[in-house]
Each structure stands twice: as structure tokens, then as C-alpha cells.
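Written out below as C-alpha cells is the structure these notes cover.
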Amino acid sequence: MKLQPRLAACAVLVSFAAVPMARAQQGFPPVPVPPGNPITFEKTQLGKALFFEEQLSSTGTVACATCHTFETGGSDRRSFAPDSVHPGFDGLFQTRDDVRGSRGVPSSNANGTYNSSTSFGLRDQVTSRRGMTVINAVYAPEAFWDGRATNDFKDPLTNTVLLPNRASLESQAVVPLLNDVEMTHMGTTWNDVVQRLAGAKPLALASSIPTTLAQFIQGKSYPELFRVAFGTTDITPSRIAMAIATYERTLISDHNRLDDFLGGNRNALTPQEQRGNQIFTSPQTRCIECHGGPLGTDHRFHYTGVTPPNEDLGRFTVTNAPQDRGAMRTPSIRNVALRAPYFHDGSAQNLEDVVAFYNRGGNVNAPNKDPRIRPLGLTVADQQALVAFLRALTDDRVLNATAPFDRPKLFTESDRVPSHYGAGTPGSNNIVPVHVAREPLSLDRSRITIGVDRGYGGSAAMLLFDAAPNTTGIPVLGIRLHLGVTPGLFMLDPIPLAGSGAGAGYGSIVLGIPNDPALRGKDVFTQWVLQDNGLQRLTSTDGVRLRIF
Ligand code: HEC
Ligand code: HEC
């Protein structure tokens, strides 16, 4: 699949057209399918439901699709947000090694209460690497940046090999479901995950479900859907993985303007993009040696000097081979323009940054750095042409999320997410306590957790509910407390805040959700009132509107 260096070089020497021809003849490879998990319509649809199922997370806020959005090329659309930053190797924010990762769940316990994590407090934790794409991921013999998800799939319960080859997607799929940064509380077992699904109404938190998927689900429970897909109602981790992987095998992006160009339509690329293609395939840049073939990747691991090898050992953690220190798997360049920021740490903001990185020969040197990463001496026009070329590799179906990339809307993308209003009152050290409300108040869930952070540790905090928001812009409860309890307002018993001192106090409360259909469509408004032992007075958070659905 890899165009040999020598071939690339002479092709360019012979004629510019020869390189595209050499690539076109390779065709797009067939999808690797493990014989033990053939693709069926039913498994694909079940896998699609599971991929968008936020109820698979303990908070109801994270599905696979939360971190893998098609419109952004199958990687995380939220990567540029301020709360998608991981502090990196040094554990400190706002330093060079910060990583643009993917937001998962807050650190939490089996009973639903939140912990304060060292880096993130009660905020969603963030992965220490930038997300990858699920599109065309089926072609990677080993999944993840370091390839630690291997192509043999072992039953997570028995550790026996279920699928001996071509099953890197199955091996990968079982990882996030138990991961206490990405999707779930600490100490989650497979039994917990199975119970979560068995009791859930499929895609109850999602909306705008594509017709085919909606018809497939049509009021069925997950056990029933597993029976349709696998013959019996048993929900097992291996079946979950096999269904998700089957769906991912349909996420194939095999069409862009370069394909049209290589197919003979000489107008499919502009002259500048054609020039970029020429530079990409030239012996000067040697880009194509790692990003060649129909998939735009050699699927191999290289240390290219993005970060010092010791900051993320990459492939080395799998092989222990010195030459693999810091080596990452080459990402495909298909749809690359949609996937900013770039590299395993998200340190390159855009394609201009990526090309500048290559032109200067990388950021860091180390003995095992690939010799092809060295100063290239590209002119400004060359660099612009390369960027233009990389922008031409977008598949419209991915960009527009049309079949096979059509998808439901997630709870976190809807107007059902809790919304903040008003402002809190500052406590000691002028720190305003933070209202932590992110979970769906869905009648299909049994409980919801609401937290408070940055209060005065050791003091008490009390959650108040009201049926109407405060319209004055002043914290609701400051007023209401003085006026006395009004109809609709109620308060929960105070909880002691963990932590000690100003700004270090945190706590959370787990509330049962009554399964009362009369509540659907109603809003409730919450606010925390806190005792501040430093100031010896009450403070409060802002208000939050929770929509019941
Ligand atoms: C919290 C965000 C998050 C969630 C949730 C998540 N992923 Fe990922 N995904 C990532 C990150 C980050 C990586 C890269 C991690 C690494 O290499 O260490 C990744 C890597 C992958 C890969 C590897 C792609 C490749 O080319 O090797 C696949 C496939 C994938 N995820 C599928 C899934 C599936 C299926 C689920 C749900 C069961 C899921 N992800 C849930 C963030 C997430
Ligand atoms: C030695 C193999 C190799 C060569 C040569 C190479 N790349 Fe890469 N490329 C990689 C690897 C490995 C990564 C991921 C590095 C990381 O994240 O640490 C990467 C990342 C990228 C990315 C970012 C993709 C993403 O999703 O983050 C782009 C774009 C890219 N390369 C384009 C190019 C261009 C353009 C050239 C030529 C100027 C080139 N590459 C040369 C191996 C290579």
C-alpha cells in the first residue's frame, strides 16, 4: 500500500502525471472484516445506536460520538474549547506541553457522587492525547496513536481470543466504556455497563434520529435489539464491541476531489492544488512515503519530533523498543482539513502550522527521529500549495454528515442541556462558588448528580429548587430566603463540603428522578447556597435551568 521511495522519486522525474496514475491504480482496499463478525444490517444499526448512546456513560453525557463527530472528520469538534485542555506531561496548565484532548466525564464514584480530580476539579476530565478519527479507522491493523489495541480481540470477561485477526476495532471499542476519564465512574464493571443498557430506552437522550435507525429501534429495548442482531437477548461486552465495530466498518470515506482527479478528471483539482499534490509526492518533501496509498497513511509508527519523546512515549509503551520512543501512528490525510487541531497533542492549530512544522524539520530532535523530517526549504508559495492540496481531500458526505455518516443529535448538542443564568456571590478570597450541573434531567434516567465546587471547604452547602427562575438577576435564593419559602421552592438538607479552606470546598448530591410523565417539558431552577466559614456569611452560585424531558 505504500508507494516505495524510489518509485515516488522516478515517477516525479518521468512526468508529473505518473505519480497520480500509480496511486489511482491501487484502488480503494476492501474493508477488513473478521470472519467471526460478519457485517449485517442489524448489527450495523445496533452498533450505530450504541455509538450515539449517551446512556452508556455514567453521567448520561458522553457517547462515543461525543468525541468523534463526523462533521469534524470523525474527531472531536470541541477540541478548541478552553475546557478541552489537558495539562500535559508537567501537570501544569498554560505551559508548552498542554494537550488539546477530548472531554469525558468528571471523576465520579459508583454511587454517582463526584470527586475532585487534581487537574480538573469537578469539571469533565480531559484525555491526555488528542482524539483520532473513527472514519476509515477499520484499516488500521492496530488502533490508537500507539497501536495498543491489537487486531486480535479477546473476550473482556474471559480473556480468551474470540476473533484472531482484523479485529482492532473490537479491541478498541471495549476501552472507553470502562475508562473513568472518558465515559464512566471509577471501578465500573462490565456488569454495570450491561445493566445500564438493559434498563435503558435506546437513544432516549438523543433526538433527530435518522429514519432507518428509528425504524430499526421502533420501541424495542436493548435486549430485544441484541436479539435481532445476535439471535438472543444476552447483552455481553463482546457483543457490544462487535456491534460497534460493525457500524464503524461502514464509516468508509473513499471519495474526494483527488480521487476524481486520479480517476481522470483533470479539472477536479485547481492548478494550485495540483502543484500541492506534486510537492506532496516529491523527493523534496517525501510526504507520500508516510501518507501515501489510497488511505493516505502507511499505518506505521514514526517519531517525527512533535514533542520530546519522554513526554508521550507512544509506541514505545507497546514495544519497549528504543527506536519507538515517542513514535505515533501516521494519521490518514483523508478529510484532514476537517480535523484541526493536529498531531497527537493538538499543538498545530491549522494546516498552515502543520506545513510550517515540516518545513522547519519538526519541533524537537532525538536520535530516533525519522530522517525524512528535516528542513525542507519550501517557498511560501510551495507551502500554500501544499495546504491547498490537503484541503482538497475532504469527502462531502463527511462534512455534511450524510449517509453513511448521517447521525442523531446528542443530548449535549441540544437545548436540553442545563443552562446557567445570573451570577453567584463571591466568598472568601473573592472566589465565586461554581454550580456543577451537566447531566440530563431525563425521565428515562433514575438519578441525576448536581455538584458544587470552589466553595469554602468544611462549610455546609444547600441545594435549592424552584419552579420559576429569578427574574431580577440577583441570586434567587438570597431574595427567597428573606421572603420565606415560596410555593414551589424547596431545599435539600445541607451537605458538608469536602476539602479545606477558601475555594477548595466541593460536594455533590445525587437525586432520584421520579418517573412521572406529567413532569415532561417542565423546567426546574436550581441554585446552591453555601456557608462561607471564612467570611461568616452565606454565598451562592449562579442559577441553572434544568429541562425535564
Ligand atoms: C472522551 C472522549 C472519547 C470517547 C468517549 C471515545 N473516544 Fe475514541 N478516542 C478518543 C481519543 C482521545 C483517542 C486516541 C487515544 C489514544 O490514542 O490514546 C480515541 C481513539 C479511538 C479510535 C482509534 C482510531 C485509530 O485510528 O486508531 C477508535 C476506533 C475510537 N476511538 C472509537 C471509539 C468508540 C467506539 C467509542 C465508544 C465506545 C469511543 N471511541 C469513545 C476519545 C474518545
Ligand atoms: C516519517 C513519516 C512521515 C512523513 C515523511 C510525513 N509525515 Fe505527516 N505525519 C506522520 C506522523 C507519524 C504524524 C503524527 C505525528 C504526531 O502526532 O506525533 C503525522 C501527522 C501529519 C498531519 C496531521 C494529521 C492529524 O490528524 O493530526 C498532517 C496534516 C501531515 N502529517 C501532513 C504531512 C505532510 C504535508 C508531509 C510532508 C511535508 C508529511 N506529513 C510528512 C508521519 C509522516
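The basis for the numbers below is simple: all heavy atoms, side chains too, and nothing from hydrogens, waters or symmetry mates. Order of listing sets the numbers, starting from 1, for every ligand and every atom in it. In this text the structure is predicted, and so the values were computed from the model without any measurement.
Angle subtended at atom 8 (Fe) of ligand 2 by Tyr358 OH and His291 NE2: 170°, rounded to 10 degrees.
The shortest N/O to N/O separation between Glu142 and ligand 1 does not fall below 3.5 Å. Residue contacts with ligand 1: Gln172 is placed with a nitrogen or oxygen under 3.5 Å of a nitrogen or oxygen of the ligand (distance criterion only). Between Arg78 and ligand 1, not a single N/O pair is under 3.5 Å apart. In terms of N/O distances under 3.5 Å, ligand 1 is not approached by Leu169. Residue Trp145 has at least one nitrogen or oxygen atom sitting less than 3.5 Å from a nitrogen or oxygen atom of ligand 1, judged on distance alone. Annotation: Arg148 places an N or O atom under 3.5 Å from an N or O atom of ligand 1; distance criterion only. Considering backbone and side-chain N/O atoms, Thr304 never comes within less than 3.5 Å of an N/O atom of ligand 2.
Ion pairing between Arg96 and Glu311 holds under the 4.0 Å rule for side-chain N and carboxylate O. Look at Arg300 and Glu142 and you find no salt bridge, because none of the NZ, NE, NH1 or NH2 atoms lies under 4.0 Å from a carboxylate O.
The closest heavy-atom contact to atom 29 (C) of ligand 1, among the options Glu248, Glu182, Met328, comes from Glu248. The residue among Ala241, Cys64, Ser57 with a heavy atom at the shortest distance from atom 34 (C) of ligand 1 is Cys64. Relative to atom 31 (N) of ligand 1, the option among His68, Met132, His344 with the closest non-hydrogen atom is His68.
Ligand 2 lies nowhere less than 4.0 angstrom from a heavy atom belonging to Tyr303. Not a single heavy atom of Arg300 sits less than 4.0 Å from an atom of ligand 2. A heavy-atom separation below 4.0 Å is not found between Glu289 and ligand 2. Under a 4.0 Å heavy-atom criterion, Val355 is not in contact with ligand 2.
Heavy-atom contacts of Gly131 reach the following atoms of ligand 1: 11 (C), 12 (C), 13 (C) (cutoff under 4.0 Å).
Counting heavy atoms closer than 4.0 Å to ligand 1, residue Pro176 contributes side-chain atoms (C-beta onward) but none from N, CA, C or O. If you look at Ala63 next to ligand 1, the close heavy atoms, those under 4.0 Å, all belong to the backbone.
The aromatic rings of Phe120 and His86 are tilted relative to each other, their planes meeting at an angle between 30° and 60°.
Asn115 and Asn109 form a side-chain donor-acceptor contact under 3.5 Å, judged by distance and modelled atom types alone.
Residue Cys287: no N/O/S atom is found under 2.8 Å from atom 8 (Fe) of ligand 2.
In terms of protein heavy-atom proximity, atom 1 (C) of ligand 1 is closest to Cys67 SG, 2.8 Å.
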